[in-house]
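This report refers to the structure that appears directly beneath it.
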2 protein chains.
Amino acid sequence: MAVTIREVAQAAGVHVSTVSRTFSAPNLVNAETRERVIAAAAELGYRPNLAARALTTGRTNNLGLIVADIANPFFPPLIKAAQSYARVRGYQVFVADTDEDPRVEEELIGTLARQVDGVLLVSPRLSNAAIVRLGADLPFAVVNRRVKGMPAVLMDVGTGAGAAVDHLAGLGHRRLVVLGGPRNSWTSGQIRRAAGAAAERHGVELSYHGPNAPTEQGGYRAAAAVLAAGATGVIAYNDLMAIGAIEGLATAGAEVPRDVSVVGVDDTVAGRLNRPKLTTIAMPTQTAGRAAVDLLLQAIDEAASGTVQMILETDLVVRDSTGPRVAVERRV
Amino acid sequence: MAVTIREVAQAAGVHVSTVSRTFSAPNLVNAETRERVIAAAAELGYRPNLAARALTTGRTNNLGLIVADIANPFFPPLIKAAQSYARVRGYQVFVADTDEDPRVEEELIGTLARQVDGVLLVSPRLSNAAIVRLGADLPFAVVNRRVKGMPAVLMDVGTGAGAAVDHLAGLGHRRLVVLGGPRNSWTSGQIRRAAGAAAERHGVELSYHGPNAPTEQGGYRAAAAVLAAGATGVIAYNDLMAIGAIEGLATAGAEVPRDVSVVGVDDTVAGRLNRPKLTTIAMPTQTAGRAAVDLLLQAIDEAASGTVQMILETDLVVRDSTGPRVAVERRV
DNA sequence: GTGAAAGCGCTAACAA
DNA sequence: TTGTTAGCGCTTTCAC
């Protein structure tokens, strides 16, 4: 069995409570005694049992981090940043994947509930109502979702989407289509709304096709709808989908960017490596991961303080998947 | 405060131990009482406190999963598979990232020690000696490392590397270089050894350059060494490095695969999306993730049973980054 | 500044 | 089949 506080106490010739204090409130213990205790602890290889501590303090020093799909390249940088920052702040993090399923998400929150001090919901697939309901039990912070009264980090994809429409309109495209993501995705809604507004400003036609799976496959399948709509400009929910759409278009004989221009979202490695290099909306994922942990810890510490919603900017990164519209007669 | 076993007991009109049994050993309790307890628990929204349970049982039902770099595309599919399979088996998993630093790895193991039943070390950067020492305290399972007496899942990259050399030699390349990965990487050693043996069989020259950072940057920097060695065939430690090397070669005026053939390892999305599409050694990451959890749980359950080392096959996937050697006079 | 004692939520003998 | 009791490792009053 592992070394406990009791054995350290014995070795140092003090009472257990003194050992406890040495670690949780060192200033309350005589410097000399403290030295002795610390030496004994080091000698025996003592490590506090956090679970036991949690039982009395009510603080586990653990966080939950729930994402839709770990393997989607959008998430790993965020997970990495969140996890590493949490560690600096003294927290370990449970990472869980919902496979894009809201029911799994709810179940996971339940399982995690008693063993974490709070949960980070990244691009949740749950409805706002469900989040609010579950949030009554447990501090939450959400990323890419606006929920009344809840700390949130929002990546303002709307401005990016607007810029994308400006960009496409500027290139002469008159008929655009937005390929939406999963049903409950806030990001997807933002893109649609902002792109719609921008299109109207430019007097450009814009239609919506969705929901789609946020994957290459989803994009590949959606290519048909793009052609059916007669669009020459596409804004896809994420890079993966944009890459899939480009493949799908190629299969149907339409080349990117010659015949159709495609814009992705996220600025993942995938988009940078793809050929043509993807024009995309860059999301500040690492900043978001860090900030979300910050907000969550704040929410945990100050029970019910004022809610903070943090908005991070996004940028349009122009690469090679967008180009000027070519006159109809030259197409096909 | 959260609902405890006591309140459920009161509501159901039974003693706490009966409630406890209803959840941990339902068959030991009268069907009728059980119903009543379950109903009361559901009514109150009771959720067992796993940390408290862990205190008495010594079982946390948590696992640790330590990787070198979450953002490296090799890991996410493995993490996803491991996490999802662990959940099916009733375990939650802490995911931690060491940033390729062995000291962080050791520290993380220490922190996790008392709150998990076992730890999965995926492509560890720690020395074997350190792993054995730390493993005395806590069940481990390792992936991509062979440690005496420890359950392991090995992706047999050696055969893949041999096949890669066969492939390159078959294309006429007579001078190859292996770009190694991090210092303590078992995979890197395997590649070097197997490639060396295969090169000897073919009577082909093979040199080694390493260690390198397992990133695009690392590959980019190593390109100079490739050219200096006068090699026309390269096997890189992973896809990222291969992609970086291709860029680096291009910068130096050498085109892939015209002037130099490059083989990666891992078969990540990155490699599939890169242009030229990467010839690479496919690693069964998802299978490995699942299998490793399996082995770890086995090790946890049967204290000190016979050690299992599981070897998974790898495949050479030929794409566009390798091609026939072109006569010297046509190069440059 | 340190010790004594109670208790966090739960399980596991042991009795009844 | 159910209740009683002790205790897991730790923190936290309260005395001294």
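Because only heavy atoms are used, hydrogens play no part in the values below, and waters and symmetry mates are left out as well, while side chains stay in.
Rounding to whole angstrom units, CD of residue A/E7 and C1' of D/dC8 are separated by 13 Å. Remark: P of D/dT11 and CZ of A/F23 are 9 Å apart, rounded to the nearest angstrom. Between the CD atom of B/E35 and the C1' atom of D/dT1 there is a distance of 16 Å, rounded to whole Å. The CZ atom of B/R6 sits 10 Å away from the P atom of C/dG7 (whole-angstrom rounding). We find that CD of B/Q10 is positioned 14 Å from P of C/dG9, with the value rounded to whole Å. Rounding to whole angstrom units, CD of residue A/E32 and C1' of C/dT2 are separated by 14 Å. A straight line from CG of A/N61 to C1' of D/dT11 spans 14 Å, rounded to a whole angstrom. Atom NE2 of A/H15 is separated from atom P of D/dC16 by 15 Å (rounded to the nearest Å).
In this structure, B/F94 and A/F94 have parallel ring planes: the angle between them is below the 30° cut-off, well short of the 60° mark.
The rotation axes computed at either terminus of the helix from C/dG1-D/dC16 to C/dA16-D/dT1 lie 40° apart, taking five pairs at each end and rounding to 10 degrees.
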Test log, rule salt bridge (Lys or Arg N to Asp or Glu O under 4.0 Å), inputs B/R59 and B/D301: CA-CA 10 Å; B/R59 291 297 223 83; B/D301 284 338; 2.8 Å; yes
Apply the test side chain to side chain donor-acceptor pair (under 3.5 Å) to residues B/Y91 and B/R87: give CA-CA distance (whole Å), side-chain angles for both, the deciding distance (0.1 Å), then the verdict. CA-CA 5 Å; B/Y91 284 77; B/R87 205 163 66 76; over 6 Å; no
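For B/Q83, there are no side chain to side chain donor-acceptor pair (under 3.5 Å) partners, not counting sequence neighbours. Legend: residues meeting side chain to side chain contact (heavy atoms under 4.5 Å, CB included) with A/R34, ordered by chain and number and at least two apart, are A/T22, A/P26, A/V29, A/A31, A/I38.
Residues from residues 42-57 of chain B with heavy atoms under 4.0 angstrom of DNA chain D, sorted by number: B/L55, B/T56.
With distances taken from any side-chain atom of B/T18 to the nucleotides D/dT4, D/dT2, C/dG3, the minimum falls on D/dT2.
Among the protein residues, B/V14 comes within range of the sugar-phosphate backbone only, with heavy atoms under 4.0 Å from sugar or phosphate atoms but none that close to a base.
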Provide a list of protein-nucleic acid N or O atom pairs under 3.5 angstrom, restricted to nucleotides 13-16 of chain C.
none

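At a threshold of 4.0 Å, the pair B/R125-B/E100 counts as salt-bridged, since one of the basic side-chain nitrogens sits closer than that to a carboxylate oxygen. Between B/R133 and B/E106 there is a salt bridge, since a side-chain N of the basic residue sits under 4.0 Å from a carboxylate O of the acidic one.
The two atoms that bring A/A292 and A/V143 nearest to each other are CB-CG2, 3.6 Å, heavy atoms only. Considering all non-hydrogen atoms of both residues, A/I66 and A/L108 come closest at CD1-CB, 4.0 Å.
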Anything under 3.5 Å between a donor and an acceptor, one on a side chain of residues 67-74 of chain A, the other on a protein residue two or more places apart or in another chain? List them.
from: A/D69; atom 1: OD1; to: A/A71; atom 2: N; distance (Å): 3.0
from: A/D69; atom 1: OD1; to: B/K80; atom 2: NZ; distance (Å): 2.7
from: A/N72; atom 1: OD1; to: A/F74; atom 2: N; distance (Å): 3.0

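Look at A/S20 and you'll find a side-chain N or O under 4.0 angstrom from OP1 or OP2 of D/dT11.
For the pair A/R89/A/L297, a side-chain contact is recorded, criterion being any heavy-atom separation below 4.5 Å from C-beta on.
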